[in-house]
Amino acid sequence: MNVRFYAPVALAAGLLAQAALAQNQAQDFSTVEIKVHKVADRIYYLEGRGGNVGLSIGDDGVVMVDDQFAPLSEKIVAAIRTLSNGEIRFLVNTHVHGDHTGGNENFGKMGVPIIAQENVRMRLAMGSPPNNAAAPAAALPILTYADGVTLHLNGEDIRVVKLPAAHTDGDSMIEFMGSNVIHVGDVFRTTGYPVIDVNNGGSAKGTLEALAKVIEAAGPDTKLIPGHGEVSSREDVRAFRDMVQQVYDRVSGMIKQGMTLEQVVAAKPTAQFDAKWGDPARFLQGLYQSIEKET
């Protein structure tokens, strides 16, 4: 397996990453409330601070998807216990970022087996941007896969499927086949533009390919849990993909004309979408860096 690790390609990228890290370190988690949302008969997600935590609850116990930040682990377990006293059988990481894997060490020490795409373990073990600190052994996935793995628990097949390198190079979606629910991780979000983390192997083309794969996997009644935000439909993901494609095409054309990142941002290629998706700066930065690598 060939794995590419990308160094920062612009000072702005490094400054943004450092700012995000500092913000995370400065957060007060004592006031965070973990909210439980029901998605289907046996599927829930937990909203707190960080990525949505997916849950499969049933006779076989609990399957978790992501675990937010370490200081929230006790609150997350308490929220799970309002739904089930069963064993937490597995924890699946959708990708490497700390707002989705920050609790890994705590759950690993509880004896919960952690599952992830092999690039997630590699980046955790070696240290990934922005802080590049290697994760402790207890935080590392003990079961990794190249393309996917299926769990047969709680009366359904739970398919963990590798996605193209999009948000990062370790992205996966988790399909709860009997429940008709998919946890998409940060490939799709309802809270803002996509984040293409080039420094952790993300890519613009991969984002489009991953969204297409999610759309293909979903049906008209499938409920999709985004990495951040509210439960959505296949058509929501399709509209998100179409927006990304339009901006991708515009930025690609600007790069071909020799425009710098600053000139692209000034040209406002996302103007028609900003009212819905917010500040495009991080999206445009990742998009620009990725397209430069592609050309």
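For clarity, every value in this text was computed on a predicted model and none was experimentally measured.
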Problem - Audit row: Leu55, Val62, side chain to side chain contact (heavy atoms under 4.5 Å, CB included) steps and yes/no - result: CA-CA 7 Å; Leu55 298 174; Val62 179; 4.0 Å; yes
Donor-acceptor check, side chain of [X] to backbone of [Y], threshold 3.5 angstrom: yes or no?
X	Y	answer
Asp66	Val53	no
Asp157	Met177	no
Gln289	Val198	no
Glu175	Arg159	no
Gln257	Met259	no
Ser290	Gly286	no
Tyr145	Gln117	yes
Arg89	Asp60	yes

If you define the side chain from C-beta out and look only at heavy atoms, does anything of [X] sit under 4.5 Å from [Y]?
X	Y	result
Leu91	Asp67	yes
Ser172	His183	no
Phe90	Val112	no
Leu143	Ile114	no
Arg123	Asp169	yes
Thr222	Val181	no
Val187	Met173	no
Asp274	Lys268	no

Completion exercise
When His167, His100, His97 are each screened for ring pair (Phe, Tyr, Trp, His ring centres under 6.0 Å) with His228, the one that passes is His100
Problem - Exceeds 12 heavy-atom contacts within 6.0 angstrom, atom CD of Gln245 - result: yes
Problem - More than 12 heavy atoms of other groups within 6.0 Å of Asp242 CG - result: yes
Please check if any side-chain donor atom of [X] sits under 3.5 Å from a side-chain acceptor atom of [Y], or the reverse.
X	Y	answer
Thr260	Tyr288	no
Arg49	Gln27	yes
Thr168	Asp171	yes

Verify same cluster id: [X], [Y] (apolar side-chain graph, 4.5 Å):
X	Y	result
Val251	Tyr248	yes
Ile76	Val65	no
Val244	Phe188	yes
Ile255	Val265	yes
Leu124	Met122	no

Which heavy-atom pair separates [X] from [Y] by the least distance, and what is that distance?
X	Y	result
Tyr193	Gly278	CE1-O, 3.3 Å
Gly170	Val120	O-CG2, 3.5 Å
Leu261	Leu284	CD1-O, 3.9 Å
Leu287	Ala204	CD1-CB, 3.6 Å
Pro269	Arg250	O-NH1, 2.8 Å
Gly229	Tyr45	O-OH, 3.8 Å

Problem - Residue that, paired with Asn93, satisfies side chain to side chain donor-acceptor pair (under 3.5 Å) out of Thr144, Thr101, Asn104 - result: Asn104
Exercise for the section: Only one of Ser84, Ser56, Ser179 passes side chain to side chain donor-acceptor pair (under 3.5 Å) with Asn154; say which it is. Expected result: Ser56
Between atom [atom1] of [X] and atom [atom2] of [Y], what is the distance when rounded to the nearest 0.5 Å?
X	Y	atom1	atom2	answer
Arg238	Met243	CZ	CE	15.0 Å
Asp236	Lys223	CG	NZ	13.0 Å
Ile182	Leu224	CD1	CG	5.0 Å
Ile158	Leu153	CD1	CG	5.5 Å
Gln285	Ile196	CD	CD1	10.5 Å
Leu72	Asp99	CG	CG	11.0 Å

Practice task
Kindly indicate, with the supporting measurements, whether the criterion side chain to side chain contact (heavy atoms under 4.5 Å, CB included) is fulfilled by Lys205 and Glu294.
Solution key: CA-CA 8 Å; Lys205 281 187 177 179; Glu294 295 168 3; 3.3 Å; yes
Exercise for the section: For Leu46 and Val36, run side chain to side chain contact (heavy atoms under 4.5 Å, CB included): C-alpha distance rounded to whole Å, both residues' side-chain angles, the deciding distance at 0.1 Å, then the answer. Expected result: CA-CA 5 Å; Leu46 304 181; Val36 178; 3.6 Å; yes
Practice task
Starting from the C-alpha separation in whole Å, work towards a yes-or-no answer on side chain to side chain contact (heavy atoms under 4.5 Å, CB included) for Ile43 and Lys38.
Solution key: CA-CA 6 Å; Ile43 307 299; Lys38 187 170 184 177; over 6 Å; no
Ion pair present between [X] and [Y], side-chain N to carboxylate O less than 4.0 angstrom?
X	Y	result
Arg282	Asp279	no
Arg121	Glu118	no
Arg42	Glu156	yes
Asp221	Arg234	no

Would you mind writing out the side-chain donor-acceptor pairs for residues 206-219 within the sub-3.5 Å range, not counting sequence neighbours?
| from | atom 1 | to | atom 2 | distance (Å) |
| --- | --- | --- | --- | --- |
| Thr207 | OG1 | Ser203 | O | 2.8 |
| Lys213 | NZ | Lys162 | O | 3.2 |

Practice task
Please work out whether the ring planes of Phe240 and Trp277 are parallel, tilted or perpendicular, with thresholds of 30° and 60°.
Solution key: perpendicular
